[in-house]
Every structure is written in C-alpha cells, then in structure tokens.
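This report concerns only the one structure given below.
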Amino acid sequence: MPTQLEIAMDVMIRTFHRYSCREGDRFKLSKGELKMLLQRELTEFLSCQKDPELVDKMMQDLDANKDNEVDFNEFVVMGAALTVACNDYFVEQLKKKGKGRGCGSGSRKTKKWEEALAFAGGYPASDPLFPSLNCSGLTNFPGQLREAVDHDPFPHLAGGASPKRELEGEPLYRRALRCVDMLSLQGQFTFTADRPQLHCATFFIAEPEEFITIHYDLVSIDCLRGDILQVFDGWILKGEKFPSSQDHPLPTTERYVDFCDSGLSRRSIRSSQNVAMIFFRVHEPGNGFTITVKTEPNLFPCNIISQTPNGRFTLVMPHQHRNCSFSIIYPVAIKISDLTLGHLNGLQLKKSSAGCGGIGDFVELLGGTGLDPSKMLLLADLCYPLRGPAQMKVGCDHTVLRMVSSGKHINRVTFEYRQLEPYELENPNGNSIQEFCLSTL
C-alpha cells in the first residue's frame, strides 16, 4: 500500500503529464497548457490573484532555460515553492498558538506569487495533519494536493495508485464538498450552503472490485421548503444512466433513496457497483449535511466505470441472470484475450449470420457519446470461442464491453484496453473485427 508521500509524488507526476501531452512537446508544458493546469488544479489560488499577467510572470519565473516551455524539473520548482510557502504559513500559525517546538523561526524568501499564495486566501480550511489549526488567510493548498486525484471530472481517472485506503490509526480524511464534485476517496465530506444551491451533485467512484457505502452523519435541510438530498445507485449524466435500466437489478425508481422520504431510517446506503452519486438542493445558507463514504470488496463486480484509460480486467458471472457492462470513458483499443461462455462446451462454432440475439450468453462491444450502454451503437457481438485475440479500435468517446448471461452457466471474459493516440483515431487499420465508429466519425 503506498504511503501518503508516495501518493503525493505520483499525483504530481501524473498531473504534469496529463496536461503536457495536449500540444507540442508532450513532455513539456506550453504557456496554454500551464494556464489550463493552473486554472484547473490551483483554482482557489488563481481566484485570489488580481494580476491579469500572473500566468506570464509565472511562466517567466519557471522557464529557467528560456525555451518558452516548462519541463518537469521546472514544474517541480513551482510545486516545491508553493509547498514551502504553505509550510511557512502553517509553522507561523502553530507558533502563534503556542505549539512551536523550537525548530527555528526564519522564513524563506519567495517570489511575489509565492507570497500571495500564503496570504491571499480568505476562507477557513481544516487539514487532517493539523486538526487544531484553522488556516484562515491561506488557500488550502495541501488539501488540494491530496484531493487532486478526484478533482478533475472524468477524469483524472488516469491510472496508478489511489489514496483511497484509510490506514489503521490514521485520521479520517475530511474536506468540504463543492456544489458539483467528484470523489474517488474514502472519508468524511461536508456540504454547507453559503447561498441557495439548487442544482448540485457529487459523483463517487471506487475501484472496479468495490461497492460504495454512503452514511449520513448529520443532515440539516428543510424538506418542507423543497430541499432535496437523494442517493442514486449509479450515475446520471445529461439524462443518461449507468448502469442502464437493462443492466441494473432494480427498477429506476428504486435506485433513488430520498432522505426526505426515508429520513435516518436508511442511514447507510450501499451501491450495487463501483459508482454512486448524490443529488442535493439546499435553499437556506448555513444548512447542509455531512456524510462518510467507505468502500467494501465486491467479489463478483458487475457494471463498472473504469477510473483509468488503460488496464486489464476479467468479468466473471457465475450462474447469475445478469448483464454486466464495463465502461471506459475514452476512445480505446480493446483486445479480448479470453472468452468462456458455458453453453459452448468447448466446441468451435462459426458465428451465425443472424448475430447473437437468439443466444442467451454473449459479449457485446458498444460505442457512443453518452453514458447509457442501451443507447450505444453495437459494434460487434461475440457468442463463440475465440481462435486467438480479438481486437478493435473504438473511436467513440465512450466504449463499453457488455456481457449478457442467462444464469445457466459460468461466463468469463478477459480483456485489456488502452487509450487511442490522436493519430489512431484517423486510422482503423489493425482491427481483427470490423469497426464502425471510426469510419463514421
């Protein structure tokens, strides 16, 4: 299990490369890429700055070799400088509260934009490492570093270690919720309205082999005035649901748990898969709620949204009449290396010209732009043993591998996937089964 320091280093590396690959040299940040990184990853810091030329000045400060680009070494300087500024501020506050330990009181010289970080904040924040320290006057930069893994919608689902596991003896991770938020962390999260908030949602995502449990710790909303707090078993985005109504074991109406209907009689709600979400509306400033989010192992995961654009997975459905969709929210190359459908008994059958519709156990590859697999384009269906790996480039924004099971057999499919490079989106060569999405884009 990675340590917190290892996680911080991993996040910093992945954050840099997620932005550096968008234009020009994929291993350096252009001015535009640096600006996008700052706007998305240091939102609160930038919002406190009044200088319209801040990005230009930071570019000049960071670009040590004056090539108008920022490489990783130069980027690390920025991270180190901001972290030093935050540490200096924390130390000063601890000493004011009488918690200094005689470790010296000197402050380091920093550039103007570094100093601005330490003193231009303006909202209180609480950090688990300093539970008694109210950091008013400082943007919560250490907290932003730890939550960077789940800050970018759809994310930031880039691979690698995730700081999800709560280590024994460590304090519970805590932070405030935004009106629209995404989380891949276990912890305790609080939303407090600073003004009427009428259209809010938080998306939760765990590892593929996990359920999500949402527990109400404290709820202060006015149901009679029209406040809402609902948990939905899955995700809804632009009117489309995952899992689809065809794949989820419950009717859509039963996938909502409304606090205003059930109250605390259903204090803990567990998802059926690795994603869940809450909808909420709070009219009165000061009202809100606190929830604790934890994960539990799922021995036979079914209906999954991948956190990463690259990976390998095996779906197993043992004698259950269920449909399982593995969703990848990227254009990908996908390769099926093993397919076992119990009704075949090892026979090598030819694919029927009528497709797999009349067979109770089969696998589909789907592509589309939305979230709901039932509304996607069928690219291929497999209901026969493979004579070798089957691979396909799917150029759609959203790729789904779906396994349909009759419940009479043990079905298994193993596959690996990787995000397509931009040049691959223009060239469907290399598919062993016909692909329609690329040719129609």
When you compare the side chain of [Y] with that of [X], does any pair of heavy atoms fall below 4.5 Å?
X      : Y      : value
Phe280 : Gln197 : no
Thr308 : Tyr417 : yes
Gln320 : Ser405 : no
Leu183 : Leu177 : yes
Leu198 : His283 : yes
Arg255 : Ile236 : no
Phe242 : Asp247 : no
Glu240 : His398 : no

Rounded to the nearest 0.5 Å, what separation is found between the [atom1] atom of [X] and the [atom2] atom of [Y]?
X      : Y      : atom1 : atom2 : result
Glu209 : Thr295 : CD    : OG1   : 11.0 Å
Asn298 : Arg270 : CG    : CZ    : 7.5 Å
Met403 : Arg412 : CE    : CZ    : 10.0 Å
Lys393 : Thr399 : NZ    : OG1   : 13.5 Å
Ile212 : Gln186 : CD1   : CD    : 9.5 Å
Glu416 : Ile336 : CD    : CD1   : 11.0 Å

Taking all non-hydrogen atoms of both residues, which atom of [X] and which atom of [Y] are closest, and how far apart?
X      : Y      : value
Leu315 : Pro301 : CD2-O, 3.5 Å
Ile305 : Ile329 : CG2-CD1, 3.8 Å
Glu33  : Lys28  : OE1-O, 3.1 Å
Val332 : Leu420 : C-CG, 3.5 Å
Val400 : Ser325 : CG1-CB, 3.8 Å
Pro373 : Lys241 : CD-O, 4.1 Å

Problem set entry | Any donor-acceptor N/O pair, Asp397 side chain to Gly370 backbone, under 3.5 Å | no
Exercise. Is it true that a side-chain atom of Arg281 and a backbone atom of Gly226 form a donor plus acceptor pair closer than 3.5 Å?
Worked result: yes
Do [X] and [Y] have side-chain atoms, one donor and one acceptor, less than 3.5 Å apart?
X      : Y      : answer
Asp233 : Gln273 : yes
Glu210 : Asn274 : no
Ser268 : Thr213 : no

Exercise. Got more than 12 heavy atoms from elsewhere within 6.0 Å of NE2, His321?
Worked result: no
Exercise. Which of these, Asn323, Asp381, Asn303, sits in a side-chain contact (heavy atoms from CB on, under 4.5 Å) with Arg402?
Worked result: Asn323
Exercise. What do the steps show when you test Ser406 against Asp361 for side-chain hydrogen bond (donor to acceptor under 3.5 Å, both in side chains), and what is the final call?
Worked result: CA-CA 6 Å; Ser406 66; Asp361 301 85; 2.9 Å; yes
For this session: Let me see the working for Tyr216 and Val231 under side-chain contact (heavy atoms from CB on, under 4.5 Å), right down to the final yes or no.
Result: CA-CA 11 Å; Tyr216 293 129; Val231 176; 3.6 Å; yes
For this session: Kindly indicate, with the supporting measurements, whether the criterion side-chain contact (heavy atoms from CB on, under 4.5 Å) is fulfilled by His409 and Leu341.
Result: CA-CA 7 Å; His409 313 285; Leu341 299 173; over 6 Å; no
For this session: Could you label the plane-to-plane angle of the Phe203 and Trp235 rings as parallel, tilted or perpendicular, counting under 30° as parallel and over 60° as perpendicular?
Result: perpendicular
For this session: Assess whether side-chain contact (heavy atoms from CB on, under 4.5 Å) is satisfied between Ile291 and Phe204, documenting all intermediate values.
Result: CA-CA 12 Å; Ile291 58 174; Phe204 301 96; 3.7 Å; yes
Exercise. Do the ring centers of Phe326 and Phe415 come within less than 6.0 Å of each other?
Worked result: yes
Problem set entry | Residues Met317, Arg322; criterion side-chain contact (heavy atoms from CB on, under 4.5 Å); working and verdict | CA-CA 8 Å; Met317 190 46 52; Arg322 292 192 67 182; 4.2 Å; yes
